[in-house]
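Heads up, the thing below is written out as structure tokens.
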Amino acid sequence: MTAGPAAAILLAPMALSELRSLLGDAAATADALLAEVRADRSRLPVVFPGLPRRLGREPVRGGRRTLGGALVDLDAFRRCDVAAAWLLGALGAAGDEVTGLYAHGDIDERAMALRSLHFLPVGQATVALFGEVQRTNVVLHLEAAVCDGDLFVRTLGQPGFDQPTANRLLLKLAFLDLPLARVFGAERTANGELSRMLRDLATEREAAGRSVWRDTNRLLGRAPCPGAIARLIGGLEHGDDGVRLAAAEGLLALGRNDLAPFAKERLNREPRADVQALLQRFAGG
Amino acid sequence: MLIFEPHIHMFSRITDDYERMALAGVRAVLEPAFWLGQPRTHVGTFVDYFDTLVGWERFRAQQFGIHHFCTMGLNPREANDDRVNADVLALLPRYLEKDGVLGVGEIGLDDQTATEERFLAAQLELAKKHGLPALIHTPHRDKKRGFERCIAIVKESSLPMERVLLDHGNEETIKLTRDLGCWSGFSIYPHTKMDPARMVAIATEHGVERMIINSAADWGVSDPMMVPRTAVKLEQAGVSRARIEQLVWKNPIAFFAQSGRLTEAMLQQPARANLRETFDGNSVLRGQDPDKV
């Protein structure tokens with residue numbers, strides 16, 4: 001893993017205050033831990049692993065919320081994750097401190113370090129740890145880093161995280177069957193090369209008699225590659241409700257009026273109301 | 001019957017061992033940091049070893065449904081090595097705060113040198129500071145005197161006796177430890193240390209209160225099945241199932257629960273295994289189909 005530069009991760013005072021308020025009655029404990037580390041910076045790697053025990057593992061709750069410029073689903077974040085972000089932000093931790101906590105953490109500590117990234121300014125530590133998540137293939141860590149927030153799209157374009165690199169991370173999402181909707185805004189990054197990669201993965205999976213990532217059709221519709229239209233039309237006939245829904249969404253995104261007859265033909269046989277609604281919109285257009 | 005194997009060095013064992021242990025009822029293992037058979041020459045190798053205990057080894061155990069915990073410490077043999085001893089001591093606090101680390105260990109005495117005694121005392125202080133129990137290795141040579149020195153150093157430290165496990169005991173040492181309030185550990189080996197028959201005799205004579213048995217299996221001639229084997233021998237000898245369960249399940253949980261990081265409820269289900277998942281890009285499958293393993 002490449003450690004980030006020693007530049008401090010600075011959070012705006014307003015964001016720090018919001019994070020602290022999410023800690024509820026654990027805020028005083030967090031203050032004490034911050035003071036301990038401020039007095040002796042070498043205590044950070046000692047304090048960090050104990051955050052779940054001391055601050056709690058319960059979800060902070062609050063649903064989708066914009067916080068310090070980040071869109072997150074607070075239901076997916078635990079109090080210790082927020083405390084980790086608050087602590088690192090308040091300390092102005094350097095990128096290599098964050099990557100170091102990840103490198104020497106156990107599986108849960110690593111997830112905590114990754115979730116804290118959502119609340120911290122995007123930087124080289126984010127890119128380095130996205131690289132680790134891509135390499136290591138741990139579902140919990142992929143979820144922690146890219147799901148339940150818009151960190152993925154905010155990181156896109158940073159040095160070291162270009163579109164091809166981002167495509168590989170989304171392909172990993174498909175490989176591990178995590179829903180695209182949990183990566184906020186990721187559908188906007190659809191591109192032809194990603195569609196080709198997803199199409200090829202789908203073909204391999206089908207040849208092996210295995211299931212295909214449902215969101216494949218959503219992305220194929222937004223950025224079609226050769227073979228995409230056949231998959232979308234075929235998807236309307238799939239026995240899995242989720243695949244049909246994604247195919248209908250994909251066709252709507254594709255916006256090809258000449259394909260509307262396929263939607264009309266399917267409409268009368270479609271049992272699901274949400275799929276019907278999409279087909280109606282497409283056929284009507 | 002469920003079994004908590006409270007002292008085993010899985011770092012040195014193969015996946016067949018995990019599979020056999022799981023089949024025999026082993027639900028959880030505790031792996032003390034220890035001596036790898038060859039001296040380490042710089043602290044970085046300890047960092048990697050400690051990271052393996054909380055990382056890859058925990059993952060490997062999970063793949064067989066076994067919960068993996070560990071204790072962290074500077075083993076007595078390498079406590080004598082000035083190339084690493086002070087630096088390892090400085091390294092320990094960050095590991096002693098990790099959730100899966102249930103104690104300081106294995107620490108103790110080997111050659112019974114003054115340096116070993118200094119590092120034992122220093123690590124007992126760490127146990128106090130981090131609110132953890134201590135797993136103490138006792139010497140294989142001049143054992144009785146070694147036990148006496150360990151007990152004296154523990155008393156000087158003022159670490160509560162109930163948070164101390166004096167391991168690798170035998171018929172002689174049980175007489176020293178029985179009334180101290182500490183826990184007595186017995187390592188059951190195929191040919192050396194204790195064997196199942198001797199353990200049956202000890203349990204029959206002294207009962208099983210504050211008593212723990214383990215295989216201490218490692219890279220040497222040893223057997224990870226020694227706890228289940230001993231449980232069978234105890235049952236054949238007429239020891240009640242309740243007492244056997246206390247010895248191989250309740251007692252080790254009670255001892256390590258003093259860390260505040262372990263409860264019996266955490267072990268009600270097997271560890272979550274997901275053969276499709278990897279750790280640091282690595283799996284135990286060696287290319288095999290996860291659906292067929």
Side-chain angles (χ1 to χ4, degrees), chain A residues 1 33 36-37 40-57 78 80 84 87 97 99-113 129 131-144 168 172 174-178 205 208-211 213, chain B residues 31 43-44 46-63 67-70 72 87 90-102 126 129-132 259-263 266 271-285 289-292:
Chain A
M1 176 173 40
L33 293 173
E36 181 183 341
V37 180
D40 177 1
R41 192 55 167 253
S42 71
R43 295 291 295 169
L44 178 59
V46 181
V47 164
F48 192 82
L51 291 178
R53 287 196 305 281
R54 298 203 164 87
L55 279 303
R57 296 176 171 86
R78 304 168 304 168
C80 55
L87 187 66
E97 284 183 296
T99 53
L101 291 169
Y102 171 89
H104 296 292
D106 63 18
I107 285 181
D108 286 332
E109 286 168 50
R110 288 181 176 192
M112 190 164 62
L129 292 176
E132 283 297 290
V133 165
Q134 173 74 30
R135 184 180 67 79
T136 56
N137 213 31
V138 177
V139 178
L140 177 67
H141 293 165
L142 183 65
E143 288 180 287
R168 285 195 291 277
K172 183 65 69 87
F175 185 73
L176 296 172
D177 203 26
L178 291 169
R205 285 283 179 96
R210 295 172 66 182
S211 62
W213 190 47
Chain B
E31 176 153 11
V43 70
F46 278 86
V47 173
D48 290 339
Y49 172 62
F50 292 163
D51 285 348
T52 297
L53 292 187
V54 298
W56 171 243
E57 204 52 56
R58 191 181 297 173
F59 169 83
R60 221 163 64 101
Q62 281 174 351
Q63 301 310 303
H67 298 273
H68 182 280
F69 303 96
C70 62
M72 290 290 183
D87 289 342
L91 193 64
L92 286 172
R94 75 180 297 173
Y95 289 97
L96 296 179
E97 281 297 307
K98 292 182 186 293
D99 272 346
V101 178
L102 305 185
L126 284 178
K129 192 171 177 184
H130 292 268
L132 293 170
S259 66
R261 304 174 194 178
L262 174 72
T263 63
M266 289 164 60
R272 185 183 65 88
N274 179 356
L275 288 171
R276 294 194 179 282
E277 211 163 63
T278 65
F279 181 84
D280 267 2
N282 195 15
S283 90
V284 297
L285 294 176
D289 184 340
D291 295 330
K292 294 177 180 169

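A, B, ... follow the sequence lines: proteins, then strands. Residue 1 opens every chain. No hydrogens, no waters, no symmetry mates; every other heavy atom, side chains included, goes into these values.
Neither the backbone nor the side chain of B/Val101 comes within less than 4.5 Å of any heavy atom of chain A. Of the two parts of A/Leu140, only the backbone, made up of N, CA, C and O, holds a non-hydrogen atom closer than 4.5 Å to a non-hydrogen atom of chain B.
B/Arg58 is listed as a side-chain neighbour of A/Asp106, based on a closest heavy-atom distance under 4.5 Å. Between B/Asp99 and A/Arg57 there is a side-chain heavy-atom pair separated by less than 4.5 Å. By the 4.5 Å heavy-atom criterion applied to side chains, B/Tyr95 and A/His104 are counted as neighbours.
Taking both residues in full, the closest heavy atoms of B/Lys98 and A/Gly105 are given as NZ-CA, 3.7 Å, listed atom of the first, atom of the second, then distance. Closest heavy-atom contact between A/Val138 and B/Phe279: CG2-CA, 4.2 Å.
A/Arg53 contributes a side-chain N or O that, together with a main-chain N or O of B/Glu97, makes up a donor-acceptor pair within less than 3.5 Å.
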